[in-house]
Amino acid sequence: MSKSVREGSAPNFCPPTEEGITITLQDERGDAVELEFLGLVLHNDRSYGFFFPVDEDHPARSSGEVVLLEVTELDEDGQPAEFELVTDEGIAAEVYEDFKTATRDLYRFE
């Protein structure tokens, strides 16, 4: 299977450079959590990352529930360096709708 990236269909969507990229973040308890990066959505001058939790039962490039994190800090290259869980349900719903619109040709939503 090709690892090339499929492109989203919206100017506010930044796809990953390669499918199946995972990152490890620490949750609020300090536990390591592995997440597959699905892309960034730009919404109201903020950036939001969409991720899929990865474990033995749910490998990268599989499907399931997504995690929405707001980019809170950029590194010296302008890349996301820190994230925070989005707790405002209204913002989460708006950004998720943007994500679904931008990736409707990439993912199947239920």
Side-chain angles (χ1 to χ4, degrees):
M1 190 177 327
S2 171
K3 285 201 163 229
S4 65
V5 174
R6 299 170 289 174
E7 295 182 12
S9 58
N12 66 333
F13 178 65
C14 302
T17 56
E18 183 178 305
E19 286 186 311
I21 292 176
T22 61
I23 61 171
T24 302
L25 299 177
Q26 284 188 344
D27 67 14
E28 61 278 351
R29 296 181 310 246
D31 296 329
V33 178
E34 188 172 6
L35 301 168
E36 177 184 4
F37 177 59
L38 304 176
L40 285 176
V41 169
L42 308 174
H43 180 82
N44 292 338
D45 297 324
R46 295 181 183 258
S47 297
Y48 298 90
F50 283 83
F51 300 88
F52 172 67
V54 177
D55 59 28
E56 289 181 14
D57 296 328
H58 303 93
R61 301 182 74 190
S62 60
S63 63
E65 186 174 326
V66 297
V67 175
L68 172 60
L69 302 174
E70 181 178 358
V71 176
T72 57
E73 190 172 315
L74 301 174
D75 66 15
E76 62 276 352
D77 296 323
Q79 298 300 312
E82 290 189 25
F83 299 88
E84 187 174 298
L85 186 64
V86 176
T87 57
D88 183 311
E89 290 183 22
I91 299 264
E94 289 176 16
V95 176
Y96 185 60
E97 286 303 316
D98 287 353
F99 179 73
K100 287 186 344 184
T101 298
T103 62
R104 67 181 170 263
D105 295 333
L106 303 177
Y107 303 113
R108 184 173 46 108
F109 299 96
E110 297 177 9

For [X], side chain to side chain contact (heavy atoms under 4.5 Å, CB included) partners two or more places apart:
X	value
T24	A32, E34
A92	L68, V86
E56	none
V66	L38, F50, Y96

message = Suppose the criterion is salt bridge (Lys or Arg N to Asp or Glu O under 4.0 Å): which pairs have a residue in residues 80-95, not counting sequence neighbours?
response = none
inquiry  = Checking F51 now: which residues fulfil ring-ring contact (aromatic ring centres under 6.0 Å, His included) with it, not counting sequence neighbours?
reply    = F37, F83
inquiry  = Atom CG of residue position D77 - does it have more than 12 heavy atoms of other residues, nucleotides or ligands inside 6.0 Å?
reply    =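 Yes, the 6.0 Å shell around CG holds more than 12 heavy atoms from other groups.
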ask   = Looking only at heavy atoms, what is the nearest atom pair of E65 and P53, with distance?
value = O-CD, 3.4 Å
remark   = Heavy atoms of H43 and D98 approach each other most closely as ND1-OD2, 2.7 Å
inquiry  = Could you walk me through whether V33 and V67 satisfy the side-chain contact (heavy atoms from CB on, under 4.5 Å) test, starting with their C-alpha distance in whole Å, then the side-chain angles of each, then the deciding distance to 0.1 Å, before giving a yes or no?
reply    = CA-CA 11 Å; V33 178; V67 175; over 6 Å; no
Do [X] and [Y] land in one hydrophobic cluster if side-chain heavy atoms of ILVMFWY residues count as linked below 4.5 Å?
X	Y	answer
L85	L40	yes
L74	L69	yes
F13	F52	yes

ask   = Residues two or more places apart in sequence or in another chain: which of them pass salt bridge (Lys or Arg N to Asp or Glu O under 4.0 Å) with D31?
value =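 For D31 the salt bridge (Lys or Arg N to Asp or Glu O under 4.0 Å) partners, ignoring immediate neighbours, are R29.
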Donor-acceptor contact present, side-chain R104 to main-chain T101, <3.5 Å =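 Pair found, side chain donor or acceptor close to backbone of T101.
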request  = With side-chain contact (heavy atoms from CB on, under 4.5 Å) as the test, would you mind laying out the steps for Y48 and I91 before giving the verdict?
outcome  = CA-CA 10 Å; Y48 298 90; I91 299 264; 3.5 Å; yes
